[in-house]
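First comes the structure, then the notes that go with it.
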Amino acid sequence: MSTMSLVEPQLLHPAMQVYCEANAEASGQGRGVTAVAALAVTVTSNAASLADICTVSNIESILPSNGTLLGLNLIPDATTAGAVYNASTGMGGTTMGSTSSGSSTTYSYCNVTVTYTHPGKDDTVVVKYAFPEPSEFESRFYVAGGGGYALNSDATGGLEYGAAAGATSAGYDALDYSYMDKVLTGNGSINWDATNMFGWEALGEMALLGKYLMKALYSMSDSDKLYTYYEGCSDGGREGMSQVQRWGTEYDGVIAGAPAFRFAQQQVLHVFPVTVEQTLDYYPNPCALDVIVNATISACDPLDGRTDGVVSRTDLCKLNFNLSSIIGTAYYCEGTSASSGAGGGGPSGSTTTSTYAPTQNGTISAQDIEVAQAIYDGLHNSAGQQAYLSWQIASSLEDAVTVWSNTSESWTYDIPSTGGEYVTRFVQLLNITNLDNLDGVTYDTLVGWMDTAMIRYYNSLQTTLPDLSPFRDAGGKLLHYHGESDPSVPAASSAHYWQSVRSIMYGNLTDVEAIAEMQDWYQLYYVPGAAHCGTNTLQPGPYPEDNMAIMIDWVENGVQPSRLNATVSSGTYANETQLLCQWPTRPLWNSDTTFDCVTDNASIGSWTYSFPAFDLPVY
Ligand SMILES: *[C@@H]1O[C@H](CO)[C@@H](O)[C@H](O)[C@H]1NC(C)=O
Ligand SMILES: *[C@@H]1O[C@H](CO)[C@@H](O)[C@H](O)[C@H]1NC(C)=O
Ligand SMILES: *[C@@H]1O[C@H](CO)[C@@H](O)[C@H](O)[C@H]1NC(C)=O
Ligand SMILES: *[C@@H]1O[C@H](CO)[C@@H](O)[C@H](O)[C@H]1NC(C)=O
Ligand SMILES: *[C@@H]1O[C@H](CO)[C@@H](O)[C@H](O)[C@H]1NC(C)=O
Ligand SMILES: *[C@@H]1O[C@H](CO)[C@@H](O)[C@H](O)[C@H]1NC(C)=O
Ligand SMILES: *[C@@H]1O[C@H](CO)[C@@H](O)[C@H](O)[C@H]1NC(C)=O
Ligand SMILES: *[C@@H]1O[C@H](CO)[C@@H](O)[C@H](O)[C@H]1NC(C)=O
Ligand SMILES: *[C@@H]1O[C@H](CO)[C@@H](O)[C@H](O)[C@H]1NC(C)=O
Ligand SMILES: *[C@@H]1O[C@H](CO)[C@@H](O)[C@H](O)[C@H]1NC(C)=O
Ligand SMILES: *[C@@H]1O[C@H](CO)[C@@H](O)[C@H](O)[C@H]1NC(C)=O
Ligand SMILES: *[C@@H]1O[C@H](CO)[C@@H](O)[C@H](O)[C@H]1NC(C)=O
């Protein structure tokens with residue numbers, strides 16, 4: 001399996017020509033010229049001005065000849081270019097930390113669009129790039145990830161790093177449409193071009209073409225080092241892993257947060273909690289679900305050695321806390337009055353589900369706990385074989401949230417469209433936005449959906465190829481992080497991939513040896529208490545805010561991290577810096593202010609899975 005279709009992208013003519021020599025005249029344009037020039041002296045010492053380089057004719061003159069870059073055919077007539085001065089760029093990167101909002105810094109850049117087609121396909125791929133003004137350029141190219149079913153559509157994310165960046169239409173109007181709207185050309189028919197482009201291909205092409213243009217635009221010579229970075233979370237994390245797996249030699253540093261990879265299992269998992277409810281024929285009210293999570297957090301918070309509202313050791317919680325101890329806990333939540341608009345995909349017949357909810361006043365029952373326990377235990381088939389892992393205990397049970405049905409005057413399931421629409425479109429190949437109901441759906445049905453989708457999209461969306469040798473051997477660095485209480489992409493999904501890479505690439509080594517090898521280029525960090533690509537309102541824990549600075553230091557200065565710098569943003573310990581533990585070590589507070597990173601085999605065991613419900617290996 002390890003050799004399976006690791007497509008090696010190649011430059012058909014890798015020798016980069018250097019253009020623009022006529023423009024190589026120094027210019028004092030731009031702010032902070034002296035400070036920046038000191039950092040980027042090798043490249044910008046004789047740089048042209050933005051106005052000089054940013055013309056349509058200049059861009060046209062540096063396009064690769066047809067057939068020479070990945071075989072692509074460029075369409076020069078469609079090129080646009082125009083300088084943009086003093087623009088604010090909105091988002092300050094894609095780390096999605098709760099405090100990372102746009103800054104007041106403004107940037108000037110060359111706004112370029114180039115257009116290409118794949119020979120014989122008659123498709124049109126429009127790529128937009130933002131090239132920093134020459135005095136700000138620091139020989140970097142930056143690729144930002146998207147989220148959900150959307151590729152990133154903003155090309156300006158690299159400017160704060162002195163980097164050029166791009167965004168691609170991917171041949172399916174990805175700048176304006178979700179891939180979800182394009183996966184089918186009609187019922188029963190998959191759009192494979194869009195699927196491959198979304199899955200892994202478009203970003204790689206965008207990066208290669210962007211770097212080619214960048215070298216010419218800034219008159220870089222072959223010996224000038226150019227650094228390529230990737231950063232994204234959620235599907236953006238998956239996209240980052242796709243780049244490491246498929247275009248490994250093209251990237252120097254990749255930051256992948258909570259990757260929504262193992263796509264088939266990941267998406268069908270969103271339907272698992274409602275299937276638990278249907279199978280057990282019991283529908284906990286939302287207040288009960290919240291109280292189960294809150295009580296679990298309270299009970300497990302101290303197990304990591306400090307009572308701070310954060311379950312830094314969900315493994316110890318899983319091993320030592322019995323959910324049944326919550327039975328009998330009282331809960332009370334005010335009802336909410338009806339407003340317009342129907343709810344999500346409830347069962348047909350309850351299409352009148354609304355935001356109306358009666359007051360919920362009661363005590364946690366054994367059945368409430370049975371549902372929560374089954375969800376945290378993860379999907380097993382009817383033979384009892386494990387099919388997939390689940391969210392860590394103490395994660396919010398958001399995919400289990402029930403809705404009130406006026407028709408039946410009871411709580412009932414509400415199929416999350418994240419999972420339901422995946423099943424209708426990617427598995428059933430029907431152009432509809434959710435499952436109507438769960439009639440006939442069992443655990444085995446879910447396993448079957450996962451199996452179908454895993455095989456069908458193994459080479460496009462699954463994104464778990466575990467042999468990263470080309471990336472490692474080219475010197476690439478991978479920073480992988482995941483909120484430990486992520487209620488959407490299970491935290492254990494990341495450890496499972498790390499373990500797959502470890503066993504495929506270092507199968508002969510002992511754990512100690514393998515870890516020593518891996519930390520030189522692939523580091524995984526769990527973020528205590530954090531939710532999906534951000535902080536968690538239920539646990540006031542730390543969150544990393546400086547991943548790009550850390551990565552740049554690693555790649556460009558050889559400063560290899562061993563811990564991940566994160567900051568607590570709320571609660572009693574707000575502003576505290578925590579240097580997070582690198583997997584597979586785990587945090588254990590030894591006082592109110594410091595924690596150790598410990599090795600705990602029982603805990604690692606609780607994060608370790610095999611999935612015998614599938615005949616194929618699930619990496
Ligand atoms: C390259 O191919 C494109 C698309 O087929 C075509 O429009 C363009 O004219 C070609 N360029 C040259 C120089 O032949
Ligand atoms: C951009 O801002 C700089 C510094 O504030 C100013 O000198 C320059 O005139 C501005 N450029 C444009 C085109 O507005
Ligand atoms: C960048 O160029 C495109 C294509 O000409 C244009 O639609 C867009 O508005 C430009 N962006 C800015 C910020 O000027
Ligand atoms: C899918 O259905 C929507 C809404 O019914 C329709 O607008 C769209 O054209 C359909 N797409 C395909 C590919 O059939
Ligand atoms: C949890 O507690 C319940 C009720 O006391 C008990 O039946 C069950 O065996 C316990 N589970 C474990 C794993 O100890
Ligand atoms: C909740 O129910 C209990 C028992 O039925 C009752 O004693 C209590 O007053 C109720 N609480 C509220 C706030 O209505
Ligand atoms: C559901 O029932 C409640 C209570 O009777 C009522 O206030 C609400 O308007 C109803 N909602 C709908 C959508 O019929
Ligand atoms: C596609 O399938 C859905 C679900 O069966 C159906 O509602 C829709 O009409 C079909 N679309 C076409 C164009 O046949
Ligand atoms: C493990 O050892 C065998 C035999 O020496 C060798 O053929 C294989 O390449 C090694 N595998 C790895 C992953 O190092
Ligand atoms: C659970 O805890 C959160 C945060 O502490 C709180 O806002 C929420 O009201 C609690 N939920 C219930 C049902 O008590
Ligand atoms: C961690 O980050 C904070 C805030 O960015 C910084 O002040 C501190 O020096 C960093 N600590 C380490 C050890 O890098
Ligand atoms: C954290 O820092 C902010 C901003 O400096 C400050 O307003 C706040 O009081 C600090 N919180 C704590 C708990 O120290």
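Numbering of ligands and ligand atoms starts at 1, following listing order.
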| request: Look only at interatomic distance and state if Thr537 has a nitrogen or oxygen under 3.5 Å from any nitrogen or oxygen of ligand 10. | output: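 By distance alone, the answer is no.
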Of all the atoms in ligand 10, which lie at a distance below 4.0 Å from a heavy atom belonging to [X]?
X: Cys333; result: 13 (C)
X: Leu538; result: 2 (O), 3 (C), 4 (C)
X: Val291; result: 13 (C)
X: Asp290; result: 13 (C)

| query | Is the Phe426 to Tyr179 ring centre distance short of 6.0 Å? | reply |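 For Phe426 and Tyr179, the ring centres are under 6.0 Å apart.
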| Should you measure from each heavy atom of Asn66, which atoms of ligand 1 turn up under 4.0 Å away? |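 Counting from 1, the qualifying ligand atoms are 1 (C), 2 (O), 3 (C), 8 (C), 10 (C), 11 (N), 12 (C), 14 (O).
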| Would Tyr283 and Trp411 count as a ring pair (Phe, Tyr, Trp, His ring centres under 6.0 Å) if you check the C-alpha gap in whole Å, the side-chain angles of each, and the deciding distance to 0.1 Å? | CA-CA 6 Å; Tyr283 305 89; Trp411 296 97; over 10 Å; no
Does ligand 4 have any N/O pairs with the protein under 3.5 Å, and how far apart?
from	atom 1	to	atom 2	distance (Å)
ligand 4	2 (O)	Asn431	OD1	3.4
ligand 4	2 (O)	Asn431	ND2	2.3
ligand 4	11 (N)	Asn431	ND2	2.9
ligand 4	14 (O)	Asn431	ND2	3.2

Measure from the side-chain N and O atoms of [X] to the backbone N and O of [Y], and report whether any donor-acceptor pair falls under 3.5 Å.
X: Ser405; Y: Ser408; answer: yes
X: Gln539; Y: Val311; answer: yes
X: Ser493; Y: Val489; answer: no
X: Asn575; Y: Ser569; answer: no

| message | Is it the case that ligand 1 has an N or O less than 3.5 angstrom from some N or O of Thr117? | response |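 Thr117 vs ligand 1: no N/O contact under 3.5 Å.
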| said: Would Lys182 and Tyr177 count as a cation-pi pair here, with the cationic atom under 6.0 angstrom from the ring centre and within 45° of the axis? | reply: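 Yes, a cation-pi geometry.
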| task | Using the ring of Tyr149 (Phe, Tyr or Trp, six-membered ring only), decide whether Arg425 places NZ or CZ under 6.0 Å from its centre and within 45 degrees of its axis. | result |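 Ring-cation test returns no.
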| task | Describe, in one word, how the ring planes of Tyr457 and Trp192 are oriented to each other, choosing from parallel (under 30°), tilted (30 to 60°) and perpendicular (over 60°). | result |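 Tilted: the ring planes of Tyr457 and Trp192 meet at 30° to 60°.
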| field | Residue among Tyr458, Trp200, Tyr422 satisfying ring pair (Phe, Tyr, Trp, His ring centres under 6.0 Å) with Phe263 | value |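 Running ring pair (Phe, Tyr, Trp, His ring centres under 6.0 Å) over Tyr458, Trp200, Tyr422 with Phe263 returns exactly one hit, Tyr422.
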| request: With heavy atoms under 4.0 Å as the rule, classify the contact between Leu74 and ligand 1 as side chain, backbone, both or neither. | output: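 Near ligand 1, Leu74 shows its backbone, while the atoms from C-beta on stay back.
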